[in-house]
Amino acid sequence: MSNIVRRSLLVHHSTIHLRFHSNLTPSSPNSNKLFVGGLSWAVDEKSLKDAFSSYGEVTEVRIMYDKDSGRSRGFGFINFSKGDDAKTAKEAMDGKALLGRPLRISFALEKVRGGPVVVPRISGVGDVTRLNN
DNA sequence: GTTGAGCGTT
């Protein structure tokens, strides 16, 4: 009888270990940067800074605007001087409404340009003999 | 004139 050809999945899963920041749930006040979402399209940096500067010293407030329309994308970033204040502001303003729209605050992911980019080193794939050494 | 979850440039 015909034998069911077993799919030889001997390809393992390679040894690609994608290491993220090992923190998929940024609930740690280790970062002083807060991600603010759910912002109204009428909210500006001044309003945010004015609303968050009351909980701590805001050193940086950045709202992402669209390059086509020039309207705010509805999210921004707030940089506090202390992570503790950021956590306080987060726990304090998260869920609250600003300009008629509820805010969604969470710790921002450190997007660093030219940061520690983890290069997946593929090993055991073909006869790749040290192409990257 | 609109829309509605998300993660950004100097």
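The sequence lines fix the lettering, A, B, ..., with proteins before strands; numbering per chain opens at 1.
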Nearest heavy-atom neighbours spanning A:T88 and A:D84
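Heavy-atom minimum between the residues: OG1-O, 2.8 Å.
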Which residue in the set A:D50, A:V58, A:V61 passes side-chain contact (heavy atoms from CB on, under 4.5 Å) when paired with A:E45?
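Of A:D50, A:V58, A:V61, side-chain contact (heavy atoms from CB on, under 4.5 Å) with A:E45 is met by A:V61 alone.
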Atom-pair distance ([atom1] on [X]; [atom2] on [N]), nearest Å:
X      : N     : atom1 : atom2 : value
A:W41  : B:dG1 : CH2   : P     : 14 Å
A:R71  : B:dT2 : CZ    : C1'   : 10 Å
A:Y65  : B:dC7 : OH    : P     : 20 Å
A:I105 : B:dG4 : CD1   : C1'   : 17 Å
A:F35  : B:dG6 : CZ    : C1'   : 5 Å
A:F75  : B:dG4 : CZ    : P     : 17 Å
A:F77  : B:dT9 : CZ    : C1'   : 10 Å
A:M64  : B:dT3 : CE    : P     : 24 Å

B:dG6 phosphate, OP1 or OP2, under 4.0 Å from A:R73 side-chain N/O:
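A:R73 to B:dG6 OP1/OP2: no side-chain N or O under 4.0 Å.
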Taking any heavy-atom pair under 4.0 Å as a contact, classify [X]: base, sugar-phosphate, or nothing.
X     : value
A:I78 : nothing
A:S72 : nothing
A:G76 : nothing

Answer yes if the side chains of A:D44 and A:S47 hold a donor-acceptor pair under 3.5 Å, and no otherwise.
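Distance-only check passes for A:D44 and A:S47.
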If you assign A:S40 and A:R62 each to the DNA chain B nucleotide with the nearest heavy atom, which residue ends up on the more 5' nucleotide?
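Its nucleotide being nearer the 5' end, the pick is A:S40.
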Tell me if the aromatic rings of A:F35 and A:F107 count as close, with their centers under 6.0 Å from one another.
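No, too far apart.
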Any idea which of B:dA5, B:dC7, B:dT9 is nearest the A:A108 side chain?
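It is B:dC7.
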What class does the angle between the rings of A:F80 and A:F52 fall in, given that below 30° is parallel, 30 to 60° is tilted and above 60° is perpendicular?
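Geometry flag for A:F52 against A:F80: perpendicular rings.
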